[in-house]
Protein chains: 2
Amino acid sequence: MTVSTTGGRRRPPTIHDVAREAGVSRGTVSRVLNGGHYVSPAAQEAVNAAIRRTGYVVNRHARSLITGRSDSVGFLLTEPQERFFEDPNFNVLLRGCTQALAAHDIPLLLMLAGTEDERRRITRYITAGHVDGVLLVSSHSGDPVAERLREAGVPLVACGKPIGLGSKVGYVAADDRDGARDMVRHLLSLGRRRVGTVTGPLDTPGGVERLAGYKEVLTEAGIEIDERLVVSGDYSRAGGEAGAERLLARAPDVDAVFVASDLMAQGVLTALHRAGRRVPQDVAVGGFDDSPAAVAARPELTTIRQPWDRISSEMVRVLLAQIGGEDTAAVILPTELVKREST
Amino acid sequence: MTVSTTGGRRRPPTIHDVAREAGVSRGTVSRVLNGGHYVSPAAQEAVNAAIRRTGYVVNRHARSLITGRSDSVGFLLTEPQERFFEDPNFNVLLRGCTQALAAHDIPLLLMLAGTEDERRRITRYITAGHVDGVLLVSSHSGDPVAERLREAGVPLVACGKPIGLGSKVGYVAADDRDGARDMVRHLLSLGRRRVGTVTGPLDTPGGVERLAGYKEVLTEAGIEIDERLVVSGDYSRAGGEAGAERLLARAPDVDAVFVASDLMAQGVLTALHRAGRRVPQDVAVGGFDDSPAAVAARPELTTIRQPWDRISSEMVRVLLAQIGGEDTAAVILPTELVKREST
DNA sequence: TTCTCTACTGTGAACGCTCACAGAAGCATG
DNA sequence: CATGCTTCTGTGAGCGTTCACAGTAGAGAA
């Protein structure tokens, strides 16, 4: 009867109102709300109709108070903030996770913790039970947040294999090593022999694995690793630019570069352009990620596609399973070589 | 005494535990928690010590259940998803809002509602009271979500002036018109006389205002508006590319372009490059936003900086004020011309 | 002394939900 | 006919807070 009219927030209907409207008890309404087991078809229908008529929505606070669950999960970023909005991958991942969670009607709480101070507060917040689990994007080794959360028994799924955390923490990652191998093989197949690399940060699993793949393929091809061809970067555009300059200085005869991220590859292109090297004629450049940056670059980047949509949906799946009591799991997903203009 | 030991989630301490530990009643603890009025210094100190000893954290669900507030706000995006992760501005805004809210210890719930179906669900979720207010990023006219939320009396602050919503909804925006005026004046000061524009979507306030600024300055300079020089875009890279092609076809003598977003400007640069026009020698290009895309572009873009940090902090300030019962307000912030290589 | 006022404290009752339990009905089995 | 089992339903208790209210103690005024 009392359908909520527009304007002015009136008191929202409670489970009592629905029960009265449907002519059943609170308990029955609650059972319908939670799967409808042990409910007669007649009652089921009456309750559903009453819910529709009253516009009832369950009060999550009341529910959480008793169940102890919050029905929400956190998306935690422990990188310094600049990284976040500079790296297109984060966005794709964030969007994917939000959507995957939305399918379960679970809201995502975005948490940024770039400073130690913020990290402490966020850890406190999370361990207090305000989210049921955490999707973690950070993966720098020795990340204290992951360690603390794991100790507190908070369900946790990382994006990328966390270094130095034992096997107790679940993660989802692209096959970095295999992707790197594909790219370097591709560069060799073009006839390049002085293949350099700008690595990612070597305290991240991606950085380590991609470098390992690079070295493996060269060694397998009978080419000795020349350390002058290996420079380290930090996944940022500026880092790529600086890396390429160092590379050119140390090994002017470089004829191909495998860059561990598209964003760095943009910087590499800038530096090569400034040095008067043509891409791909003089130097072939391969990126990693297939982020929007790859298409934005001139020339467009040949790169390794990470299956972000699957990564995000798997992260959510594994996290929900863990919240549901299952054991932790690791998921490795295959990558794909995308050829464009830069090689 | 029972300090929580590591591992295995044990029952977290409640306000009762703190009260017992401090030798006072629940009420006194609650008062300390909520500002400490009408609490003796001695009790105050005893409670604080007990909180520290027990590691107590207030249970927000219990609190929300009785206060009716959720102590969280939503960040709502009603754009189709591609826009979200393609546009660097969103990221900057999102980060700024998250940080500004974190200072108040308020978590941000990220909500994506690209489809009509999702919009319905999210609206329902919000009007059910699961967030205290909404930061809205959409601004397409006739956005049904904003209208519905406003009707439901949900505190709401939009980024950019919402079209056709009356003055009842608060918003924070950069001074689009003034920014456009600055840019066009700058282009004229370089001696350009055939100044074209690629507009934003004309159902967005930004699109409308920036076009208005463009026309004003030309008219004031005694230059008649040539409609062949005005083409409309959609803020996307591809839209910019297509726009520039149309522009070149309709007005081949164009010697400057004011593009309503940096991302579109990237597309414009691509099209100009393909057409063999040099930038800035043959055609000067001015963007808008000063997003990361401006620095990524070759040549780097002259653009109009939007004060995103201030926009986000103001949005949060105005929203919290509104939640606190204040009236809606509109805030307009000044922009700034940033000169780089493209003009 | 008595009264009033202020500063402070404790207590019961909610908030809206789920859970455990008790009970009713229907049906098959002993 | 009693007994057990299954399916369904209603009820009381309680989750951890805040809020309103009642009460106490002490200080100052009449």
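All chains are named by letter (A, B, ...) in the order of the sequence lines, taking the proteins before the strands, and each is independently numbered beginning at 1. Since we're looking at a predicted model, the values are computed, not measured.
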Along DNA chain D (nearest heavy atom to each residue), the more 5'-positioned of A/Gly27 and A/Pro41:
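The 5'-side residue here is A/Pro41.
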Give me the atom names and distance for the closest heavy-atom approach of [X] to [Y].
X        : Y        : value
A/Thr54  : A/Glu21  : CG2-CG, 4.2 Å
B/Ser312 : B/Leu93  : CB-O, 3.8 Å
B/Ser70  : B/Gly129 : CB-O, 4.0 Å
A/Arg31  : A/Val39  : CB-CG2, 3.6 Å
B/His61  : A/Leu65  : CB-N, 4.1 Å

Using whole Å, what does the distance between atom [atom2] of nucleotide [N] and atom [atom1] of [X] come to?
X       : N      : atom1 : atom2 : result
A/Arg63 : C/dC15 : CZ    : P     : 19 Å
B/Ile51 : D/dG16 : CD1   : P     : 16 Å
A/Arg26 : D/dG12 : CZ    : C1'   : 8 Å
A/Leu33 : C/dC17 : CG    : C1'   : 10 Å
B/Arg69 : C/dC15 : CZ    : P     : 17 Å
A/Gln44 : D/dT7  : CD    : C1'   : 14 Å
B/His37 : C/dT6  : NE2   : P     : 17 Å

[X] side chain: which of [options] is closest?
X       : options                : value
B/Arg31 : C/dC17, C/dT9, D/dT9   : C/dT9
A/Thr67 : C/dT9, D/dT17, C/dC19  : C/dC19
A/Thr28 : D/dT9, C/dC17, C/dT11  : D/dT9
B/Ile15 : D/dT17, C/dG12, D/dC15 : D/dT17
A/Ala43 : C/dC8, D/dT9, D/dT17   : D/dT9
B/Tyr38 : D/dG16, C/dA7, C/dA13  : C/dA7
A/Ser25 : D/dT11, C/dT9, C/dT18  : D/dT11
A/Leu65 : C/dC17, D/dT17, D/dC15 : D/dC15

Would you indicate what B/His61 reaches in the nucleic acid, counting non-hydrogen atoms under 4.0 angstrom: base, sugar-phosphate, or nothing?
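The residue B/His61 makes no contact with any strand.
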Within the 4.0 Å heavy-atom criterion, would you say B/Arg60 contacts the bases, only the backbone, or no part of the nucleic acid?
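Nothing: the residue B/Arg60, judged by heavy atoms under 4.0 Å, touches no strand.
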Does B/Ser40 make a side-chain N or O approach to OP1 or OP2 of C/dA7 shorter than 4.0 Å?
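For B/Ser40, the contact criterion (side-chain N or O under 4.0 Å from OP1 or OP2 of C/dA7) is not met.
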Below 4.0 angstrom from OP1 or OP2 of C/dC15, is there any side-chain N or O of A/Asn59?
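Looking at the OP1 and OP2 atoms of C/dC15, neither is under 4.0 Å from any side-chain N or O of A/Asn59.
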Residue closer to the 5' end of DNA chain C, B/Ile66 versus B/Val24 (nearest nucleotide)
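Nearest-nucleotide comparison on DNA chain C picks B/Val24.
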Is the closest basic N to carboxylate O distance between B/Glu151 and B/Arg148 below 4.0 Å?
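Not counted as a salt bridge, because no side-chain N and carboxylate O are separated by less than 4.0 Å.
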